[in-house]
Amino acid sequence: MDSQHQTRISQTRDPSSTSIMLPFLSFILIAALVLVPSASPSLKNTMSVIHQVPEGHVGVYWRGGALLKTITEPGFHMKMPFLTQFEPVQVTLQTDEVTDIPCGTKGGVMITFGKIEVVNRLHKESVYETLLNYGVQYDKTWIYDKIHHEINQFCSSHSLQQVYIDVFDQIDEKMKDALQVDCTRYAPGIEIIGVRVTKPNIPENISHNYEQMEEERTKGLIAIEKQKVSEKEAETMKKMAISEAEKNANVSKILMEQKLLEKDSARKQEEIENAMYLAREKSLADADFYRVIREAEANRLKLTPEFLELKFIESIANNTKIFFGDKIPNMILDQRLLRNFLVEEVSRGETQKTKADI
């Protein structure tokens, strides 16, 4: 009886307990559906069962405040609500903007860098170690705070002139190197890709002075450029004058060479004419010499006693004067002596003529 009575009692209690639990579970479900979409991201990540890891991120999880070694890839995943907290961590390139960075220069002038951009990336394989040591806001420690520190260190060791003008173009590389050195040493998973520094804001009166200096420097540069232009023009004129002089010199040289060639050609022509004249005169002289020789030989052959006697008789016959005296007969009768005399005279005359012709 007792057991049956207890069974009946338990059967009578089950419907009531079930009716109590169902509204409670329904309330929890409705509350989750209502509160989760409107909750803050951290609360939503805590209460949600299904969550999404966006592309370029990885999913990181905490349970009871302890970081889990579980790292999930982009996509939909499930976790235990309320007990496990989820955060997406970006592992692609991201740009952190550090704004309003005051610093004092070596000379005591306060300036402000309006914005410094740091392009960085957290390597996927180092996500767990980095978040374990520095939390989700690791970039605040190693980028935001570090930029403030490095900028102040840089300004304190340089004058306003150096920071604002002289070495401003080097600040980007110096900041990048300084950040990367410490990240490599203490947080190896963080890679600094680049740093962009904007021109700092300086006091208005100093800015006005720099504007005046820049204006004067611009005037000086303009004057220098004008001087360079003038020098270039003078150099161009000089080159043109040299070129013109060289051209005239070349023309004169060509004309001179032409005249020399003409003179040389005339000289050669005259030499040829002289050679021709000399050859002709030599030929004539040789001909005259040959003629005289031949005449001399002919005359020598003519000098016979009979021919001389003939010539003597012809000479006497042609003489119209007759001389009378005691010695006339001797002269007339001595024909042999007269012939010898005439032969010698004729030979002497021919020899002198031959030497004169030669």
Side-chain angles (χ1 to χ4, degrees), residues 32 35-102 112-154 171-198:
L35 295 177
V36 168
S38 60
S40 62
S42 59
L43 182 60
K44 184 190 300 185
N45 293 337
T46 302
M47 297 175 60
S48 62
V49 177
I50 299 176
H51 58 283
Q52 181 185 10
V53 178
E55 190 64 46
H57 296 67
V58 294
V60 183
Y61 303 90
W62 287 263
R63 184 173 298 162
L67 179 65
L68 302 180
K69 292 186 177 181
T70 302
I71 305 293
T72 57
E73 298 293 332
F76 286 101
H77 301 276
M78 296 185 64
K79 68 176 184 63
M80 296 177 61
F82 298 104
L83 297 179
T84 305
Q85 183 182 0
F86 153 76
E87 285 290 343
V89 177
Q90 186 173 353
V91 291
T92 56
L93 292 181
Q94 58 180 337
T95 301
D96 294 328
E97 293 185 358
V98 186
T99 58
D100 298 331
I101 308 169
T112 303
F113 287 86
K115 182 176 67 174
I116 297 179
E117 297 178 344
V118 181
V119 182
N120 62 93
R121 176 175 58 189
L122 177 62
H123 292 283
K124 186 185 299 185
E125 59 274 11
S126 303
V127 170
Y128 176 77
E129 293 294 333
T130 303
L131 267 63
L132 181 65
N133 294 324
Y134 308 108
V136 179
Q137 302 299 326
Y138 65 90
D139 50 357
K140 181 180 185 304
T141 303
W142 293 112
I143 294 178
Y144 289 91
D145 295 344
K146 188 66 176 174
I147 280 290
H148 279 268
H149 172 74
E150 293 298 334
I151 284 293
N152 278 274
Q153 289 288 329
F154 181 82
I171 298 179
D172 296 348
E173 289 298 324
K174 289 182 179 295
M175 292 299 105
K176 176 180 177 298
D177 294 340
L179 292 177
Q180 189 62 67
V181 166
D182 286 344
C183 288
T184 302
R185 182 178 180 182
Y186 298 105
I190 303 173
E191 179 184 3
I192 306 299
I193 307 298
V195 177
R196 296 187 292 268
V197 181
T198 58

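For the single chain, residues carry numbers from 1 onward in sequence order.
Going from atom CG of N133 over to atom OH of Y128 covers 9.5 Å, rounded to the nearest 0.5 Å. The distance from atom CE of M175 to atom NZ of K146, rounded to the nearest 0.5 Å, is 9.5 Å. Between I190 atom CD1 and H123 atom NE2 the span is 9.5 Å, to the nearest 0.5 Å. The distance from the CZ atom of F154 to the NE2 atom of H149 is 14.0 Å, given to the nearest 0.5 Å. Taking CG of L122 as the start and NE2 of H57 as the end, the distance is 11.0 Å to the nearest 0.5 Å. Here the straight-line distance linking atom NZ of K174 with atom CD1 of I151 works out to 11.5 Å at 0.5 Å rounding.
Counting heavy atoms from C-beta outward, I116 and I101 have side chains that approach closer than 4.5 Å. Between L68 and W62 the shortest side-chain heavy-atom distance does not fall below 4.5 Å. Contact annotation: the side chain of V195 never approaches that of V119 to less than 4.5 Å [non-hydrogen atoms, C-beta and beyond]. Within the 4.5 Å cutoff, side-chain heavy atoms of D139 are placed close to those of Q137. Contact annotation: the side chain of H51 never approaches that of F76 to less than 4.5 Å [non-hydrogen atoms, C-beta and beyond].
In the model, Y61 has no side-chain atom that pairs as donor or acceptor with a side-chain atom of H77 under 3.5 Å. Side chains of N120 and Q94: a donor on one and an acceptor on the other come within 3.5 Å.
Between F113 and H148, a ring centre-to-centre spacing not shorter than 6.0 Å is recorded.
A donor-acceptor pair under 3.5 Å is formed between the side chain of T198 and the backbone N or O of K115. Distance alone, capped at 3.5 Å, places no donor-acceptor pair between the D96 side chain and the V118 backbone.
Residue E125 qualifies as enclosed at atom CD: its count of foreign heavy atoms under 6.0 Å is above 12.
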CA sep, side-chain torsions, deciding dist, call: T84, M78, side chain to side chain contact (heavy atoms under 4.5 Å, CB included):
CA-CA 10 Å; T84 305; M78 296 185 64; over 6 Å; no
Salt bridge (Lys or Arg N to Asp or Glu O under 4.0 Å) evaluation trace for K124 with E73:
CA-CA 10 Å; K124 186 185 299 185; E73 298 293 332; 3.4 Å; yes
Give the intermediate values and the outcome of side chain to side chain contact (heavy atoms under 4.5 Å, CB included) for residues V60 and F86.
CA-CA 6 Å; V60 183; F86 153 76; over 6 Å; no
Does K140 form a salt bridge (Lys or Arg N to Asp or Glu O under 4.0 Å) with D145? I'd like the steps, not just the answer.
CA-CA 6 Å; K140 181 180 185 304; D145 295 344; 3.3 Å; yes
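A pairwise comparison of heavy atoms in V91 and R121 identifies O-CG, 3.5 Å as the closest pair. Shortest non-hydrogen contact noted between Y144 and E97 is CE2-O, 3.3 Å. Residues P81 and V49 come closest through the heavy atom pair CG-CG2, 3.6 Å. L93 and Q90 get closest at one heavy-atom pair: O-NE2, 3.1 Å. Residues I192 and K176 come closest through the heavy atom pair O-CE, 3.7 Å. Closest approach of A187 and W142 over heavy atoms only: CB-NE1, 3.9 Å.
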